[in-house]
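Notes to accompany the following structure.
Source: prediction; values computed, not measured. In what follows, every chain begins at residue 1, and chains take the letters A, B, ... in the order their sequences are listed. Reckoned from all heavy atoms, side chains included, excluding hydrogens, waters and symmetry mates.
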Protein chains: 2
Amino acid sequence: MANIKELARMAGVSVATVSRVLNNHPYVSENKRNAVEQAMKASNYQRNLNAVHLSKGKTMLIGVIVPFVNHPYFGLLVEGIANEAVKNNYKLVLFQTNYEETREIEALEMLKHKQIDALIICSRNSPFSVVDDYTKYGPITLCEDSREKNMSSTFVDHYKSFSQALNYLHSKGHKKIGYCLARNSGSNSRYREKAYEDFLKKINEPFVPDYVFYDCLYFEDGQTVIQRLIGMHSPPTALIVTNDQVAAGILVCCTEEDISVPDQLAILSFDNQPIAQVMNITTLEIPLVEIGKNLLLQAINHRQVHHDELFVKMIERKTV
Amino acid sequence: MANIKELARMAGVSVATVSRVLNNHPYVSENKRNAVEQAMKASNYQRNLNAVHLSKGKTMLIGVIVPFVNHPYFGLLVEGIANEAVKNNYKLVLFQTNYEETREIEALEMLKHKQIDALIICSRNSPFSVVDDYTKYGPITLCEDSREKNMSSTFVDHYKSFSQALNYLHSKGHKKIGYCLARNSGSNSRYREKAYEDFLKKINEPFVPDYVFYDCLYFEDGQTVIQRLIGMHSPPTALIVTNDQVAAGILVCCTEEDISVPDQLAILSFDNQPIAQVMNITTLEIPLVEIGKNLLLQAINHRQVHHDELFVKMIERKTV
DNA sequence: CTGTTAGCGCATTCAT
DNA sequence: ATGAATGCGCTAACAG
């Protein structure tokens with residue numbers, strides 16, 4: 001297949017000139033530019049990206065690790081990253097890991113081998129210790145509090161946010177508060193659990209294992225929650241829910257089961273996705289798009305490690 | 001970061017020698033080999049793959065397009081491809097497309113830009129016309145009959161197989177035969193429908209729209225099928241099912257609904273996955289692993305376009 | 001067994 | 001505005 005040298009020959013110019021029109025540089029005469037473009041068409045020329053990357057010393061590719069791409073939470077996050085990526089002329093390489101460590105390592109190895117310029121980890125399974133080993137090969141940015149670590153991060157304080165949620169419900173008179181968590185046992189979930197534990201101590205209430213619901217990630221998971229709830233002799237009067245999708249599922253089931261919201265059951269979720277607005281769900285907005293944008297910027301401006309905390313915002317609607 | 005030249009300097013050898021140990025070539029003395037390995041450790045050396053790929057003119061990467069990785073059908077296919085890939089020292093780049101054409105194009109573009117050496121398309125959405133445009137950039141192999149096209153293929157004849165299934169059921173006395181198809185409107189499904197149409201003509205039976213079930217892909221889809229079936233005044237006496245998973249789902253529902261198999265309802269599926277054996281499902285075995293292996297070989301031995309037909313095999317068990 | 005050297009395809013000074 | 005020359009990091013003859 002044709003290369004730049006052959007193009008130059010065909011167009012009767014130097015390779016440098018060809019390179020200039022390839023990269024839209026100014027200062028190329030119309031004639032020559034046209035000649036080169038003709039040659040490109042005629043020979044069906046295609047740039048060899050391996051050569052470009054080698055020559056430039058970078059690939060303009062940013063790796064993005066997510067457990068699932070098809071979940072709205074990560075969807076929004078990636079959207080924020082992607083928007084900012086195009087603005088800065090970067091392309092994204094998406095790694096869907098299903099939380100398998102092997103898949104995460106694959107991405108890290110690509111960083112090591114310079115196939116990508118930087119790596120954004122939206123949620124991980126691998127321990128800090130293994131990720132840390134790769135920081136020497138390129139910038140890695142995280143979507144969780146990583147102060148003290150050698151990588152940048154953009155995050156919301158989940159301990160603080162969960163506490164805020166608990167206090168809000170408490171101020172509304174709730175004492176029996178349950179909560180739902182995602183299926184990951186990541187640091188975010190741990191922060192939320194710690195906040196819950198401390199809250200119980202503060203208001204002097206006992207821990208009721210039944211009030212905890214794991215594996216709540218999608219809309220359909222709401223059903224399980226309500227099933228278990230109706231079986232209880234003393235159910236919680238309020239629920240803090242992983243995200244708006246699950247909250248919506250719960251809400252729908254409540255209607256079916258004639259559970260009145262918020263009177264019988266108050267529901268407070270996280271994210272503030274469109275579905276929360278449609279269904280009038282009270283939620284703690286997490287600025288996911290903003291976080292994504294910031295993660296991308298940290299990844300490409302790796303002058304130094306930076307930690308940026310963003311903040312949640314209470315959106316009061318009809319479910320509390 | 002260190003490069004090969006620096007390694008050479010550190011180890012007191014030439015770059016050629018370094019390259020030799022890097023690539024496990026023979027004919028390198030113990031001393032020098034050790035010296036190089038020392039230097040590699042000391043400098044935390046990592047190969048720049050862009051340079052390797054440029055120099056070799058190939059990447060040893062094969063792209064694989066699948067709509068979903070988490071479906072057993074594609075799981076087996078990929079397994080076959082992957083096994084043969086490691087044997088030949090190739091690595092796989094998996095593209096999960098969800099049947100979105102954009103994602104398919106991304107893979108094709110990587111072929112164009114020499115980021116991958118070849119592309120295997122297990123199932124596609126893009127029309128032949130667009131895929132065809134990319135054959136000039138590298139070998140593309142398909143898992144469907146593509147004779148007359150400029151790309152290799154390994155496939156089973158779905159018209160023939162479906163006819164075989166129909167005739168088998170007919171020979172068992174069935175005239176009212178229904179069938180399930182996957183959600184894709186790909187060429188495989190079309191072949192199956194054509195076979196059905198021709199079969200009806202042959203045995204002179206009318207077409208009953210109710211006997212056709214679309215969107216049957218996973219275990220849980222079996223439930224919908226049975227739901228619809230019990231609502232019918234004159235249900236089919238036999239069902240040809242997309243794959244073993246759906247058949248298993250149907251079978252489970254039959255038990256729940258007290259439908260006796262095969263007396264009231266005969267079930268014949270495709271694939272012969274482990275679940276079919278466990279549940280004693282009569283099935284037409286599709287040699288998926290074999291197909292995968294052959295696809296990979298076609299992709300890397302692109303001396304010429306080749307078309308290989310493999311054959312299904314009737315596995316008689318207890319559901320017909 | 002080992003080193004020298006010439007590419008791989010492209011971007012980019014540095015002259016002109 | 002344009003071209004010659006150099007280098008990106010590595011592999012692979014070739015010569016010894």
Side-chain angles (χ1 to χ4, degrees), chain A residues 1-37 39-40 43-61 89 109-117 137-138, chain B residues 1-40 43-61 89 110-117 137-138:
Chain A
M1 213 162 31
N3 62 21
I4 200 176
K5 206 181 285 177
E6 191 171 331
L7 274 195
R9 198 181 44 68
M10 291 173 69
V13 301
S14 74
V15 294
T17 301
V18 175
S19 177
R20 288 195 185 93
V21 348
L22 247 38
N23 296 284
N24 289 311
H25 279 290
Y27 305 128
V28 184
S29 70
E30 273 304 306
N31 322 338
K32 306 227 169 190
R33 182 181 296 278
N34 288 143
V36 171
E37 276 162 359
M40 284 174 58
S43 63
N44 205 284
Y45 170 78
Q46 287 304 326
R47 258 229 252 334
N48 182 326
L49 280 188
N50 293 310
V52 177
H53 294 164
L54 172 60
S55 183
K56 288 205 172 185
K58 54 186 202 167
T59 63
M60 300 304 280
L61 296 176
N89 247 299
E109 285 290 316
M110 285 189 63
L111 182 65
K112 192 183 201 169
H113 293 310
K114 296 196 166 301
Q115 316 240 70
I116 53 181
D117 290 345
Y137 303 119
Chain B
M1 214 161 32
N3 62 20
I4 200 176
K5 205 181 283 178
E6 191 172 331
L7 274 195
R9 196 179 46 67
M10 292 173 68
V13 300
S14 73
V15 293
T17 300
V18 175
S19 178
R20 288 194 185 94
V21 347
L22 247 38
N23 295 286
N24 288 313
H25 279 290
Y27 304 129
V28 183
S29 69
E30 272 304 305
N31 321 337
K32 305 228 169 188
R33 183 182 295 278
N34 287 143
V36 172
E37 276 161 359
Q38 293 295 321
M40 283 174 58
S43 65
N44 206 284
Y45 170 78
Q46 286 306 325
R47 257 229 256 325
N48 181 327
L49 279 188
N50 293 309
V52 176
H53 294 163
L54 173 60
S55 182
K56 289 204 171 187
K58 55 186 203 168
T59 63
M60 300 304 280
L61 295 177
N89 246 300
M110 283 189 64
L111 182 65
K112 191 183 200 170
H113 292 310
K114 297 195 165 301
Q115 317 240 69
I116 54 182
D117 290 345
Y137 304 119

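- Taking only side-chain nitrogens and oxygens, B/Ser19 comes nearer than 4.0 Å to OP1 or OP2 of D/dT11.
- As rounded to whole Å, 13 Å separates atom P of D/dA12 from atom CG of B/Asn24.
- Closest approach of A/Gln115 to A/Thr59, counting heavy atoms only: O-OG1, 3.5 Å.
- Of all the heavy atoms in B/Met40 and B/Val21, the pair that sits closest is SD-CG2, 4.5 Å.
- We find that NZ of A/Lys58 is positioned 17 Å from P of D/dC8, with the value rounded to whole Å.
- The CG atom of B/Leu7 sits 16 Å away from the C1' atom of C/dG3 (whole-angstrom rounding).
- Under 4.0 angstrom from either OP1 or OP2 of C/dA11 there lies at least one side-chain N or O belonging to A/Arg47.
- Atom NE2 of A/His53 is separated from atom C1' of D/dG7 by 18 Å (rounded to the nearest Å).
- The listed nucleotides are C/dT12, C/dT2, D/dC8; the one nearest the side chain of B/Lys5 is D/dC8.
- In this structure, CG of B/Asn34 is placed 11 Å from P of C/dT2, rounded to the nearest angstrom.
- For D/dT2, the OP1/OP2 oxygens have a side-chain nitrogen or oxygen of A/Ser29 closer than 4.0 Å.
- Counting only heavy atoms from C-beta outward, the side chains of A/Leu22 and A/Ile4 approach each other to under 4.5 Å.
- Nearest-nucleotide assignment on DNA chain C puts the 5′-proximal partner with B/Arg20, out of B/Lys56 and B/Arg20.
- Dashed line: the shortest gap from a side-chain N or O of B/Tyr45 to OP1 or OP2 of D/dC10 is under 4.0 Å.
- Backbone-only contact: A/Val13 has heavy atoms under 4.0 Å from sugar-phosphate atoms and none from a base.
- Here A/Asn23 lies in heavy-atom contact (under 4.0 Å) with sugar-phosphate atoms only.
- For A/Val52, the side-chain atoms get nearest to C/dA11 when compared with the rest of D/dC10, D/dT2, C/dA11.
- Phosphate contact (OP1/OP2 of D/dG3, side-chain N/O of A/Ser14, threshold under 4.0 Å): present.
- Set against D/dC10, C/dG3, D/dG3, the side chain of B/Thr17 has C/dG3 as its closest nucleotide.
- The CG-C1' distance, from B/Asp117 to C/dC8, rounds to 14 Å in whole Å.
- Taking for each of B/Val15 and B/Glu30 the nucleotide of DNA chain C with the nearest heavy atom, the 5'-most of the two is the partner of B/Glu30.
- Among all heavy-atom pairs drawn from B/Val28 and B/Arg20, the shortest one is CG2-CB, 3.8 Å.
- For B/Lys114, no side-chain nitrogen or oxygen approaches OP1 or OP2 of C/dG9 to under 4.0 Å.
- Position along DNA chain D of the nearest nucleotide to A/Ala16 versus B/Ala51 favours A/Ala16 as the more 5'-ward residue.
- Pairing each heavy atom of A/Lys32 with each of A/Thr17, the nearest pair is CB-CG2, 4.4 Å.
- Here B/Asn48 does not reach the OP1 or OP2 of D/dG9: none of its side-chain N or O atoms lies under 4.0 Å away.
- Looking at B/Ile116 and B/Tyr137, their side chains never come closer than 4.5 Å, going by heavy atoms from C-beta outward.
- We find that CG of A/Leu49 is positioned 10 Å from P of C/dA11, with the value rounded to whole Å.
- In this structure, the CG atom of A/Asn3 is 9 Å from the C1' atom of C/dC8, given to the nearest Å.
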